[in-house]
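Reading through the structure tokens given below for one structure.
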There are 2 protein chains.
Amino acid sequence: MNNPLGKARLFLKGRLRHALSDHEAALLDSVVDEGVRVPDGHVVQARSVRATHSTLLLDGFIARVIDDAGTRNIVGLQVPGDFVDLHAFALKRLDHDVVTMGPALLGSVSHERLAQIVRDEPHLTRVLWFSTLLDAAIHREWILKLEQLKAEERLGHIMCELWHRLNFVGLADAHGFNMPLLQTHLANACGTTAVHINRVIKAVRQRGLLEINRGRVTMPDRPALEAFSRFKPDYLYGEGSLFMSEDLREP
Amino acid sequence: MNNPLGKARLFLKGRLRHALSDHEAALLDSVVDEGVRVPDGHVVQARSVRATHSTLLLDGFIARVIDDAGTRNIVGLQVPGDFVDLHAFALKRLDHDVVTMGPALLGSVSHERLAQIVRDEPHLTRVLWFSTLLDAAIHREWILKLEQLKAEERLGHIMCELWHRLNFVGLADAHGFNMPLLQTHLANACGTTAVHINRVIKAVRQRGLLEINRGRVTMPDRPALEAFSRFKPDYLYGEGSLFMSEDLREP
DNA sequence: CTCCAATTTCAACATTTGTTAATTCAATAG
DNA sequence: CTATTGAATTAACAAATGTTGAAATTGGAG
């Protein structure tokens, strides 16, 4: 059953969780320590600081943040089940900060343990590698979104993405999801200003596509929102998607 | 000497080429086949098609392209020495097309060989993993650039990035570099239109910061251009940079 | 050389987004 | 309950970018 109650049970859930053997799932679970609760704004891994551990997000939201000349930019978002700074295992120093958005529960794995896995578990290594490339695929979709979409569509797109990612791990419902991000943060993630994101939120609400208020996102007609935002979930490599790497199953 | 004349000699040059032992450099070199010359617009790896090989770019330029609703968007650029679709080894199917910009020379490695490396060479595996995360770091910087910079600065930023990446592999000179991208392509990579990129090229030329014409990029005052574009090269993980992972040296 | 096609350049106008500043609303401490 | 603070909302105006259509330039093919 792939250790369904383990600390790492959400890792790659909805993607290719079944690519892990029972042994691998148990091993992964055993190297994650007990979760630690941290408050809003906690810096999980700071830019340019030598990393010795990597963090599995067990509960809550995390943003990848780059502060530059007084402006705070969000270059990525992570949801429960994401190995948020596995990148730091190979890079050792990150180019950005990893920061909690709202309180969160964090599991930690030492890089010594990860190095053992790379040495002894080639298949699990490929799965871990895969999970970091999933982040890269999401980065590319954000680039695409920023290059070709207007602010209204960008907002819709990011909300659709979050719904799907949360749905993989069982945290979305038919009408939306809960999310601690403020309008300022949405502006930072959409490459626009707080004033403009407010205009845009109002506009999509009036279109009947999306409602956002105090921690709750409501999607009255998600298919319509996805069409409006030109959102297609393939790049998330979910189970059964066009791109999913079923080949990783074979150890 | 890390096999200085080998096919893979440009791989990670300027970054942590010295992280590879002679054995690893020779091994990497041995798994790359003879280079194949391909023309402009050649699709190295198509979106959603099962990949069986990964490609090392030996000469020329390559773009990561996502076509969507008639528009062609460039979500990444690759230069000689880049393992352009190593991502496809772990993902198996890519979310984007990998396309040559101008004629190019391509080396190829089968995924069977890569799987052997992952099984038998944990340190080399980490270095290959690192190289894909370098792409992710560049993706994040593009997101940052698109979120916070105006078109003039975006253009300057992307040109500074290319200069540094080409400089790592010895293909930049003091005053600029050669590049086959047309104004249309620069527009596609900056998230703007061909008409506007033309305005912008004119503007930065008049500022005395950058000249672009028929395949040649000239930077009369690169430090000034970098300041104007808010470009800082750390995220490229070059030798001696803030973020470079010197720790990967230890096998 | 001449012609042709692709690329670059330009102008006029429309739309989107940024900026500044003020106002309203919501949550919480006391 | 009230005061206070942070967040959300709105308005008016400025700046950046998109759109359309045309003209100029360039590099090759013949």
Side-chain angles (χ1 to χ4, degrees), chain A residues 39-41 68-74 101-103 145-159 178-207 210-218 228-230, chain B residues 39-41 68-74 101-103 145-159 178-207 210-218 228-230:
Chain A
D40 177 47
D68 190 61
T71 64
R72 160 156 291 204
N73 290 277
I74 295 177
M101 309 298 282
K145 172 185 75 183
L146 290 162
E147 284 180 346
Q148 66 161 15
L149 298 185
K150 286 179 290 194
E152 275 189 59
E153 300 157 340
R154 286 183 195 174
L155 178 66
H157 193 284
I158 209 169
M159 291 297 110
N178 299 319
M179 173 204 74
L181 302 187
L182 302 177
Q183 292 193 2
T184 306
H185 304 131
L186 295 175
N188 292 342
C190 288
T192 184
T193 59
V195 171
H196 194 57
I197 207 72
N198 184 267
R199 282 194 279 248
V200 157
I201 288 172
K202 184 182 175 184
V204 292
R205 183 186 300 135
Q206 286 174 345
R207 287 183 196 273
L210 184 62
E211 295 209 40
I212 302 178
N213 28 28
R214 82 188 100 268
R216 174 72 193 171
V217 175
T218 309
F228 172 78
S229 310
R230 303 189 200 213
Chain B
D40 177 47
D68 189 61
T71 64
R72 159 156 291 204
N73 291 277
I74 294 178
M101 309 298 282
K145 171 185 75 184
L146 290 162
E147 284 180 345
Q148 66 162 15
L149 298 185
K150 287 179 289 195
E152 276 187 60
E153 300 157 339
R154 287 183 194 173
L155 178 66
H157 192 283
I158 209 169
M159 291 296 110
N178 298 319
M179 173 205 72
L181 303 187
L182 302 177
Q183 292 193 3
T184 307
H185 303 131
L186 295 175
N188 293 342
C190 289
T192 185
T193 60
V195 171
H196 194 57
I197 206 73
N198 184 267
R199 282 194 278 247
V200 158
I201 289 171
K202 185 181 174 185
V204 292
R205 183 186 300 135
Q206 287 174 344
R207 287 182 195 272
L210 183 63
E211 296 209 39
I212 302 178
N213 28 28
R214 79 191 100 269
R216 174 72 194 171
V217 175
T218 309
F228 173 78
S229 310
R230 303 189 199 210

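Computed over heavy atoms, backbone and side chain alike; hydrogens, waters and symmetry mates excluded. Quick note on labels: first sequence line is chain A, next is B, and so on, each numbered from 1.
- Between the CZ atom of A/Arg214 and the C1' atom of D/dT9 there is a distance of 13 Å, given to the nearest Å.
- The phosphate of C/dT8 has neither OP1 nor OP2 within less than 4.0 Å of any side-chain N or O from B/Asn198.
- Checking side-chain atoms of B/Glu153 against main-chain N and O of B/Lys150 turns up a donor-acceptor pair under 3.5 Å.
- In this structure, B/Leu186 atom CG and C/dT7 atom C1' are separated by 13 Å, rounded to whole Å.
- Here the closest non-hydrogen pair linking A/Met101 and A/Pro180 is O-CG, 3.2 Å.
- At whole-Å resolution of the value, CG in A/Leu181 and P in D/dA8 are 11 Å apart.
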Give me the distances for all protein-to-nucleotides 18-20 of chain D N/O pairs that come in under 3.5 Å?
unit_1	atom_1	unit_2	atom_2	d
D/dG18	OP2	B/Thr192	OG1	2.3
D/dG18	OP2	B/Thr193	N	3.4
D/dG18	N7	B/Arg199	NH2	2.8
D/dG18	O6	B/Arg199	NH1	3.4

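- Look at CD on A/Glu153: it is 16 Å from P on C/dT15, rounded to the nearest Å.
- With the nearest nucleotide of DNA chain D identified for both A/Ala194 and B/Glu152, A/Ala194 has the one nearer the 5' end.
- Residue B/Lys202 places at least one side-chain N or O closer than 4.0 Å to OP1 or OP2 of C/dC10.
- One can place CZ of B/Arg216 at 16 Å from P of D/dG27, the figure rounded to the nearest angstrom.
- Using modelled atom types, one side-chain atom of A/Arg154 and one backbone atom of A/Cys190 make a donor-acceptor pair closer than 3.5 Å.
- Atom pair B/Leu146:CG and C/dG18:C1' shows a separation of 17 Å (rounding to whole Å applied).
- For the side chain to side chain contact (heavy atoms under 4.5 Å, CB included) test with B/Leu186, the passing option among B/Val200, B/Asn198, B/Ile197 is B/Ile197; the others fail.
- Closest heavy-atom contact between A/Ala187 and A/Ala194: CB-N, 3.7 Å.
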Under 3.5 Å between N/O atoms: give me all the protein pairs with nucleotides 4-7 of chain D, atom names plus distance.
none

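- Inter-residue side-chain proximity for A/Val217 and A/Glu211 is flagged as unmet; no heavy-atom pair is nearer than 4.5 Å.
- Under 3.5 Å, the side chains of A/Asn178 and A/Arg216 contain a donor-acceptor pair of N or O atoms.
- Looking at B/His185, its side chain does come within 3.5 Å of a backbone N or O of B/Leu182 through a donor-acceptor pair.
- One atom, CD of A/Gln148, and another, P of C/dT17, lie 13 Å apart when rounded to the nearest Å.
- Side-chain atoms of B/Gln148 and A/Asp68, non-hydrogen and from C-beta on, do get closer than 4.5 Å to each other.
- With rounding to whole Å, A/Lys150 atom NZ is found 17 Å from C/dG18 atom C1'.
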